[in-house]
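As the structure is a prediction and not an experimental result, all values here were calculated from the model. Numbering of ligands and ligand atoms starts at 1, following listing order.
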Amino acid sequence: MTTIEGATVLVTGGQRGLGKAFVDELLARGAAKVYATARQPVPSDNPRVVSIALDVTDQDSVAALAREATDVSVVINNAGISGGGGSLLSASIDDAKATFETNVFGALRIAQAFAPVLAANGGGALVDIHSALSWIAGAGAYGASKAAFWSLTNSLRVEMAGQGTQVVGVHLGYTDTDMVKNVTAPKNDPRKVAADTVAAVEAGATEVLADDASRYFKSALSGPVEGLRLG
Ligand SMILES: NC(=O)c1ccc[n+]([C@@H]2O[C@H](COP(=O)([O-])OP(=O)(O)OC[C@H]3O[C@@H](n4cnc5c(N)ncnc54)[C@H](OP(=O)(O)O)[C@@H]3O)[C@@H](O)[C@H]2O)c1
């Protein structure tokens, strides 16, 4: 069971968007310290927030963070990019690779670097931020990257069970951040996604379905594959 009160937490991409909402929620629930990363970090006014640099595409950057943040017992693997959302047939392979480099290999680098840290601190939790688009056709390389990340999380859950780490996969649809600023469809409030996710982690969940879109497409996985598409 994971308790946030008094815990030290890492939130990748924690200085804006959904990551910032996680940082605020963790502080409200009594986290002792929260490492909030950005590629160009800005100092925080809050003494419980450690503003720190991270580029998940850079192995040295991930390793440096893991050397610094040795007191972490909860990792929120939130950093991601929306690039590569167009047609797969006309996608630039370089753009598709860049999307996977952040959303899949970046997240895996964090998991690899922090697994020993979590083990040393009692097991703790690894929380991976996927998307409803992990399960829905039509979102190009972005959707494919989130499907790969979902699979990776499910294997990490098995691999990290022995060290007592709670591995949580989070699925959400449109949520009001910079990533979807041009989307006009209804969006989740990131504060509610963060609050519901942190509550579920504390309750021992291994999966969080943050909204109706995520719940619908999870249930549709057992139906015809043609039903797993946008629109
Ligand atoms: N918003 C949605 O509708 C939605 C829906 C489903 C899932 N998600 C997922 O939710 C997560 C957060 O997204 P968001 O909506 O908050 O998007 P956002 O507002 O665009 O923020 C993206 C975050 O990822 C970080 N990031 C991007 N590339 C990085 C890199 N190479 N190294 C380290 N950090 C990097 C950014 O940090 P910097 O400050 O350094 O740029 C920023 O904090 C993502 O994994 C996204 O795929 C979002």
Side-chain angles (χ1 to χ4, degrees), residues 10-25 34-44 49 51-66 69 75-85 95 97-111 113-114 126-136 138-150 152-153 168-194 196-197 208-215 217-218 230:
L10 165 67
V11 182
T12 68
Q15 298 198 12
R16 62 191 183 91
L18 183 60
K20 173 77 166 61
F22 273 115
V23 171
D24 293 342
E25 179 64 23
V34 182
Y35 293 95
T37 82
R39 283 167 289 186
Q40 296 180 320
V42 175
S44 170
V49 175
S51 172
I52 192 161
L54 172 68
D55 183 340
V56 297
T57 67
D58 178 347
Q59 184 67 40
D60 292 342
S61 172
V62 173
L65 179 65
V75 172
I76 302 195
N77 219 348
N78 164 79
I81 57 170
S82 62
D95 286 350
K97 278 184 178 173
T99 302
F100 273 68
E101 191 56 44
T102 299
N103 295 355
V104 182
F105 300 115
L108 180 57
R109 282 187 194 96
I110 291 291
F114 279 90
L126 172 68
V127 182
D128 286 346
I129 307 300
H130 310 139
S131 170
L133 294 173
S134 312
W135 297 321
I136 310 172
Y142 176 79
S145 75
K146 289 297 185 175
F149 188 16
W150 175 49
L152 185 154
T153 299
V168 186
V170 182
H171 296 260
L172 55 143
Y174 293 132
T175 299
D176 197 6
T177 69
D178 287 348
M179 183 174 280
V180 292
K181 60 176 184 275
N182 296 324
V183 171
T184 55
K187 299 173 201 173
N188 301 315
D189 182 338
R191 293 171 301 184
K192 180 165 176 10
V193 173
D196 290 352
T197 299
V208 178
L209 307 177
D211 50 26
D212 286 345
S214 301
R215 284 185 282 274
F217 282 104
K218 177 74 192 290
L230 286 173

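- Applying the salt bridge (Lys or Arg N to Asp or Glu O under 4.0 Å) criterion to D211, with sequence neighbours excluded, gives no partner residue.
- V56 is not listed as a side-chain neighbour of R109, based on a closest heavy-atom distance of 4.5 Å or more.
- Taking the side chain as every heavy atom from C-beta outward, D176 and D189 never approach each other to under 4.5 Å.
- Between the NZ atom in K187 and the NZ atom in K181 there is a gap of 10.0 Å [rounded to 0.5 Å].
- Residues R215 and D212 are paired through a salt bridge, judged by an N-O separation under 4.0 Å between the basic side chain and the carboxylate.
- When each of T197, V208, N77 is checked for a side-chain contact (heavy atoms from CB on, under 4.5 Å) with V127, only T197 meets the rule.
- The protein residues lying under 4.0 angstrom from ligand 1, judged by non-hydrogen atoms, are G13, R16, G17, L18, A38, R39, L54, D55, V56, T57, N78, A79, G80, I81, T102, I129, H130, S131, Y142, K146, L172, G173, Y174, T175, T177, D178, M179, V180.
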